[in-house]
Every structure is written in structure tokens, then in C-alpha cells.
Amino acid sequence: MFVEVIVDVPAKQTDRPFDYRVPAALVPMVEIGSRVGVPFAGRVLQAFVIGIKSQTEVPANKIKDISEVLDPYPVLTPDLVELSEWMSHKYLCSRISCILAMIPSALKAKYERRLSVRPDVSISELTQSEQEIAAWVQAKKEITLEALLEQFAGSAGAIRRLIETDVLLEERMIKNRMKAKTQRMVFPAEDVELLRETLLHTSKQAARQRELLEYFMANPAPISLSELSAQLRVSTAVVQSLAEKGAVVVKDIEVLRDPYADRHFEPSKPLRLTEEQESVFTQMKKALQERERHSGTPILLHGVTGSGKTEVYLQIIAECLQRGEEAIVLVPEISLTPQMVERFKGRFGDRVAVLHSRLSGGERYDEWRKIRRRQAQVVVGARSAIFAPLEKLSLIIMDEEHESSYKQEETPKYHARDAALERARLQRAIVILGSATPSLESFRASVPLQKWSTDHPEDGQHVLRLELPHRVGNRPLPKVQVVDMRGELQSGNRSMFSRSLHKAIEERIERREQIVLMLNRRGFSTFVMCRSCGYVANCPHCDISLTYHRHTKHIRCHYCGYTERELEKCPSCDSPHIRYFGTGTQRVEEELVKLFPGIRVIRMDVDTTTEKGSHEKWLRKFGQKQADVLLGTQMIAKGLDFPDVTLVGVIAADTVLHLPDFRSAERTFQLLTQVAGRAGRHELPGEVIIQTYAPEHYSIELAKHHDYDSFARKELQLRHLRDYPPYCRLVLFTISHEKVQTALRFSEHLASVLKETLDMTAASQKERGALRYEVLGPVASPIPKLKDRYRFQCMVKYRGTGDVSSALKEALERCEEAAKSFQVQVATDVDPYILM
Ligand SMILES: Nc1ncnc2c1ncn2[C@@H]1O[C@H](COP(=O)(O)OP(=O)(O)OP(=O)(O)O)[C@@H](O)[C@H]1O
Ligand SMILES: [Zn+2]
Ligand SMILES: [Zn+2]
């Protein structure tokens, strides 16, 4: 048997399958998706099996054997292996980077070098010090280089000679970064007679042993050693002597770390669906039942905030489980709150595995193994949970599908929505994209039920749209008031709170109701400015202003980490009037406390939520009414559901609007709608106050009226006019070099090669429908200098059905030589979300 593998080397030349032979003994262990060790260029490397075959073109004297199989079960399911191929093609990145993105970091190999003495070496021919070293290694059988250097601290030279002369052989071993956690268990002998007999032969002096034997006679069940010693206060030695007598067996058993072990989840029952929910649910159920026939139907669930989308998710998952199938639920990282986890654990208990970035490496690994061992059928997680190794996946739910955090900003720069649609296609699973404010990409692709026919082509361009236009129980959407802050300033109010918001806060405090205040962090960045001359402290390596860190009294660059002490006076005009603009939320908190004495504020932003579990802690406190105000950045806009919140305030709504980004209106509308959705979700009616300097902007005006449809129509018109996605697709190339000239010249070269290859592709694909494209740039990047490198951008804009990836890949390959010799870096971003 032969296998095709992808080796774990991040280089262009190795980005293709290599053939190996599987020795007979390993054949039963090797499957598609297995992780193996293979000899490669004189080392043993981790590799992933992507194909199995009975023949190979590699000549018999050249083919090598795989050296080991690293796991008891394949780490990738067959559909993930296929998905990795799609990903590397679509996102123009190496196959191995895609595979590594799919497995927990605990499984990313660490290579350890181990030394041993060559068996046929005659030690007596070595020098005295060499002999000493060799003898020591021989006694240990094998040892890491680090340990050897530590033992013979002064003899690095001798050790090196021994390695060079092959007296010490070096072997690279693949080690997992993370070990499975084990627990020491005590198993009493199954035969109670044996216990009784041991007791008879144990002397009266050994009271502890006798006590333990009696305990096991009464409780003949395995127990962990730690629990046993806590209960009976017996020492390990006592257990050990019983083990020697054969009355008990002590064994290490693998256990799974459960991050939610100490939490109790209130079991929940399915609610009776409302009429609207019921009709949506019926369609979903139908899609699930017919998924084999129609290769899975993607569904867009457009439901206003509080319309009961989550309850529908829970019931369709139950349906999926009942069919013996499995489901993935994707939620944005920041809305993966305890409340959210609780709803899934409460309904499905232990069958739920949770994956998010706040878990430790070990916990993540264990949740993943729980999935791999088929102990979990529902996976709830952030972006990368789309790669959960479920074999009978039939349902993928993506909540808040419009969220930009579904796009990964490091290589592989994939979008979880597209990965979900592709994985669903491979598995014939159905995808449900849910949102109160669907992305324009999804909305444009969607077709309402009345116009839907099941023979729409499976091209990801057609999505069935289902709607939940009303809140559960017909609760009204909250009343939204927009306050023009320019007017406030004109009437002499210089505070960051308008008079309406001020009054509204006062009222809630009096009525003991709760308030959510949101501020957009991006617009309120923390910078340092001279009030006399307007000097702003910039990073010397990046064209970006430095950020002030109040607690350490330093100013810092967010991109490269450059740090200096806070300024005493202006470097430009010597004025002492330096103003530090602290984080926006800090400033708002200070002002709140000043204006409303005694007010209790919980502040949630990057500063207060870095610690593990802090997120949960703050929300729990707020839920228990230990605070009047929950103040925070975007992270509080999503998913929260607190009954006593009756006021939501947005301090500055338009800070995103001015960013040079074609999605800024969409983002503003989404954010305002989401945060407004936090108010009045239960008995008490809600009120929303939005403060802005641009009240007439359509994204704010239409958010005020909860009018998604008008917003989508208007925004799509504008995108069409300006030729932006979803009417075209973008690929962004960012080129950087230490010298401006080199960066620019290379960028021009790349742009012309891109044009050439696209011309050729368009010509050869003419019959198959038009491919229209443009290559824009090079232009200086919006951040023109980063970490001492100058940056330029080229953008490819295209529409049509041709295979653009192949052309772009070819262009990159043609420029590779030049890039290498000039040491130019090229970063590629397909369907970019950040245009800087
Ligand atoms: N059929 C139902 N009967 C009674 N209450 C329901 C029903 N469905 C949902 N609810 C309740 O209505 C509230 C809102 O529902 P849910 O959180 O599922 O809405 P959602 O659309 O997911 O909201 P959002 O997108 O704003 O987070 C919740 O408190 C939920 O328990
Ligand atoms: Zn100055
Ligand atoms: Zn910097």
C-alpha cells in the first residue's frame, strides 16, 4: 500500500503530495487523514495522509517507508482533507497551512532531537572526556541534546565532535505539544473473596491497610487515588502495599479536561414555537430530510433581534440528533458568552463540545478529542470550529453570519462562511446562516420562499431566505431616538452625554433598571497629543500613532510593539501641555462617576477582559444586578439577554463611518441594530438613544427605524454603482520592503504580471462566459509604513465565473524568484475585510 502525504514544511517547493510506502505492520493503522512520521531530507517529519493507492510512479529503489503512525485515529475526516484542497486553491496558500488550521495546536508537532551512541563504536578509542560523555549517554540509552549540554556544561566542543564523527547519532522525534491528561485510579480486586482473604492475613498493626480493605469490601468500585486519600486519609504507601499483595491495582487512566466541569447547566425543554418560528422550522426540517437529494440547501434566516432564532436552532439540532447525525454551531468569538453556552448545554448536556480561544491548549485538545471519539454530537464554537472532525455532519448553523470576525486575518485567510458552504456541499449537509442584519453578500444571494425552486444550481449563489419579522410574543422593537451632537455643542453642552441620554440615565437609576452603554473603540483610539502645537506621537517604525497605556505610563505601538515612556513635554515645541487620551471607555467611566455620584459601573473592554473567565464574571455580576451600567465596546453588542435592561445608549455612532472602507455603512447599520436589540427583550419596554455627528446618514436613519430591507436595497444600489462586492470580488496584494523604491518597483512588476496572466485566462475561457477584471494600483497602502517596511497595494477586482485563482497563483509563481532575490514580502488576501 502507498500513501500520498503533505509534509509539515512551510515552503513552496514542498507544497505538493509526496508518495511513501506503508510497511505491512502499519497498514491497519493508516487511513485518509492519518498523521504519520516520514523520512524527509534526512529527518523525520510530521505529515498528513491525503490519499491511499496501490501503485506509485516513484521507482521501487527510491520509495521510502513511512516511519510511524502518530495517533490511534486519523486527525482529519475525509471531507476535511478535501476541504483543505479547496481552501489552499481558493485562498492561494499552502495546503499544509490549511491542514494545520484544522487541528488543535496541541497536535502541532514539536521536534525533539535525541542522541544515542552508535552501537558499533569502540569507546576506548576516544579521548578521556569523550569517553565520559559517551558512557553517560550509553547508560541513559538516549537523551536530548539540552539534557546532555546541561550535564556536561563545559564540554560543548567535545559533544559537537562526537556528533560530527557519528559517535553520537541524532534522531529527530515528533512529539505532541500537549499530553493527554491522566488520572491515577485504584481498582479493587474484582473478587471480594480476595479482599477478605488479604484482610485475614494483614496484621493488626497495619490498621490503615485493614481500613482500606474494609472500605473496598463495602465499596467495590474504582476510585481516584486523590479522592481516596482525601476521604480516608491514607498515604500512597498504604495503597502501594495493598497493590503488592494483589488486592488492588493502581493504573493511570486518560481523562478529558472539561472546562465546564464545575458548572451546573439548568436543563431546558423545547419551547412551544410561535407560528412564525414553526413555519421556518418546518422548512428547515424539510431541507434536512431532503438533503441527500438536493445536496443540502443553504438557508438564510433573517430574523429581527429577539425573534427567537436561537430557539429555532436548538429545535432543528434536536431533529438532526434524532436522525443520528451531527451539528456544528458557529458563533462569533465575542458572543460566545456563558449565556450562549448555557443554552446549548442546557438543552443537550454532555453531547455538546465547546471550542473557543479562551480555553487553555489542554482544554481545547480535550474538547477536540471528545469530538473525535464521537462523545459529542454538537459542537459550539468560534470560527475554527467549522473544522470540527465530525463524520456524520448534516447541519451547520452560523449565527450572526454578518460578523467580520468570521474572517481569519492570518494565513490561511479564510472566511468561515465560505468554508461552511463548501464543507456542507461535500457532506450534503444543510447550512443555516442566521442574522438580524445579514451581510449584503448573503442577502443578495438569497431567494425568498415564494420564488424558491429546489433546482437552483449549487453554486453558493442561491440561498433560501426565511424570515422572522417579529419579536417573540409580539414585543415591540425598542423606540430609537437619534441625537445630533452638533446641536448639543451649539447649545453649550460640552459633555459626552447629550441632555436626553443624561436624563434617561437618571430615570433608570431612580427606577432601579439597568443600562447598557456602548462606545466604538475604533474611533476613540488612545493617543498622545500636544495641546499647544497639535503634535501627535507616532511610531518611528510604522506610520501609526502611539497608544497610551495608563497603568504602565508608557506609550506603545500596537503593530510592532515599540514602547517609550510617557512624554513630559512636547518633543516638537517643548510645551508641557501634553494630553493623554485614555481609552474611550475609561473616559466615559470617569465622566459617569462624576455626573452620577454612587452609580455602579461595570466596564468591559480589552483591558478588563484579558484574564481568563473575566468575561463571564462581569456578565454574571451584571445579571445579578450588582451594577447599574454595563459599559463597553462592540463586545457587549451581541447576544446578551438581560430582562432589566431598558435603556441602551450609543455614545458615538459614527466613528466607523469615516474609515476608508466600503463596508463602513454596513458595519454601522449592523452595530446599531444589534446593540438596540439588547433593550426591552422581556416585559419592560426598551428605549435606545444614539448620539451622532451624522444623524442624516442613511445607515443611522434606517437603523433608527429598524428597516433592514430599505438599508439593504440602498446599500446594494451604491455598491453596484461603485462596483464593489457583492457585485465583484476582490483580491488584495500587499507588498513590503525596507526601501520605498524596491517596494514600488516590485509592485509595478507584480501588477503587470497579474494583468498578463488574467488576460490569458480570460482569452482561454471566453466561451465559458465572460471574466471581467481590473488590476488596480500599485498605490501606497493606507498604513504606508509598518515595522520599518514600506507598503504598497495592488488590488484585483473581478466578476464572472472563470477560475481566477489559477491565474493569480501563476502570477505569484512567476514573481517568486524576483521576490526572493529582492527580499520583498507579498501578502495575499482573497475577499479581504481589512483594506489596510
Ligand atoms: N417559542 C417561544 N416561546 C416563548 N419564548 C420564546 C420562544 N422562542 C424564544 N423565546 C424567548 O424569547 C427571547 C428571545 O429569543 P432568542 O434569544 O432565541 O432570539 P434571537 O433571535 O436569537 O435573538 P438575538 O439575535 O437578538 O440574540 C428569549 O428569552 C427566548 O427564551
Ligand atoms: Zn507641541
Ligand atoms: Zn510600530
Side-chain angles (χ1 to χ4, degrees), residues 265-282 284-285 299-319 329-348 380 382 397-403 405-406 432-439 442-443 465-478 480 514 516 518 619 622-623 630 634-646 648 669-686 688 703 706 708:
F265 294 99
E266 207 50 55
S268 77
K269 288 234 168 57
L271 300 172
R272 242 195 80 185
L273 296 180
T274 65
E275 220 168 281
E276 277 181 3
Q277 282 174 321
E278 186 67 44
S279 79
V280 160
F281 174 73
T282 307
M284 292 176 175
K285 196 164 140 185
I299 293 172
L300 174 63
L301 176 58
H302 176 205
V304 299
T305 57
S307 58
K309 294 186 288 294
T310 313
E311 183 61 33
V312 174
Y313 301 154
L314 291 167
Q315 301 206 11
I316 192 72
I317 294 168
E319 196 62 34
V329 184
L330 298 175
V331 298
E333 184 73 51
I334 48 174
S335 68
L336 196 52
T337 57
Q339 276 190 330
M340 196 69 174
V341 171
E342 200 167 317
R343 291 181 78 172
F344 288 89
K345 286 252 184 189
R347 193 69 57 92
F348 304 113
V380 180
I397 293 169
M398 189 172 197
D399 192 29
E400 316 278 6
E401 66 88 32
H402 61 275
E403 262 291 301
S405 64
Y406 281 125
I432 299 173
L433 307 171
S435 176
T437 52
S439 67
S442 302
F443 187 74
R465 184 167 82 233
L466 303 175
E467 317 247 1
L468 290 174
H470 303 100
R471 280 188 160 181
V472 170
N474 266 321
R475 276 174 209 129
L477 284 162
V480 180
Q514 289 183 297
V516 168
M518 195 198 65
L619 293 178
F622 189 64
L630 178 65
Q634 283 95 316
M635 69 171 71
I636 62 169
K638 313 257 154 49
L640 305 184
D641 194 5
F642 294 110
D644 288 321
V645 171
T646 59
V648 170
F669 181 85
Q670 287 165 346
L671 193 62
L672 295 180
T673 307
Q674 289 295 338
V675 72
R678 298 310 111 210
R681 292 166 69 87
H682 296 262
E683 276 69 42
L684 299 167
V688 180
H706 310 286
Y708 174 83

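What you see is a predicted model, and the numbers here were worked out from it, not measured in a lab. First listed ligand is number 1; within each ligand, the first listed atom is number 1.
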Taking [X] for the side chain and [Y] for the main chain, is one N or O donor matched with an acceptor at less than 3.5 Å?
X: His402; Y: Ser435; answer: no
X: Glu276; Y: Val472; answer: no
X: Glu401; Y: Ser439; answer: yes

Under 4.5 Å between any side-chain heavy atoms of Met398 and Ile432, yes or no?
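No, their side chains stay 4.5 Å or more apart.
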Go through ligand 1 atom by atom and flag the ones less than 4.0 Å from a non-hydrogen atom of Thr305.
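Those qualifying, in numeric order: 26 (O).
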Aromatic plane relationship, Tyr708 with Phe443 - under 30° parallel, 30 to 60° tilted, over 60° perpendicular:
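Rings of Phe443 and Tyr708: perpendicular, over 60°.
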Just heavy atoms, cut-off under 4.0 Å: does [X] contact ligand 1 by side chain, backbone, both, or neither?
X: Thr310; answer: both
X: Arg272; answer: backbone
X: Leu271; answer: side chain
X: Arg343; answer: side chain

Taking atom 20 (P) of ligand 1 as the point of reference, which of Lys309, Arg475, Glu275 owns the nearest heavy atom?
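Nearest option to atom 20 (P) of ligand 1, by heavy atoms: Lys309.
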Contact (N/O only, under 3.5 Å) between Gly306 and ligand 1
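For ligand 1, there is an N or O atom that lies under 3.5 Å from one belonging to Gly306.
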For Ser307 and ligand 1, answer yes if some heavy atom of the residue is under 4.0 Å from a ligand atom, otherwise no.
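The answer is yes: ligand 1 sits under 4.0 Å from a heavy atom of Ser307.
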Side chain to side chain contact (heavy atoms under 4.5 Å, CB included) partner of Ser307, the single match among Thr274, Leu468, Val312, Leu301
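Per the side chain to side chain contact (heavy atoms under 4.5 Å, CB included) rule, the option paired with Ser307 is Leu468, out of Thr274, Leu468, Val312, Leu301.
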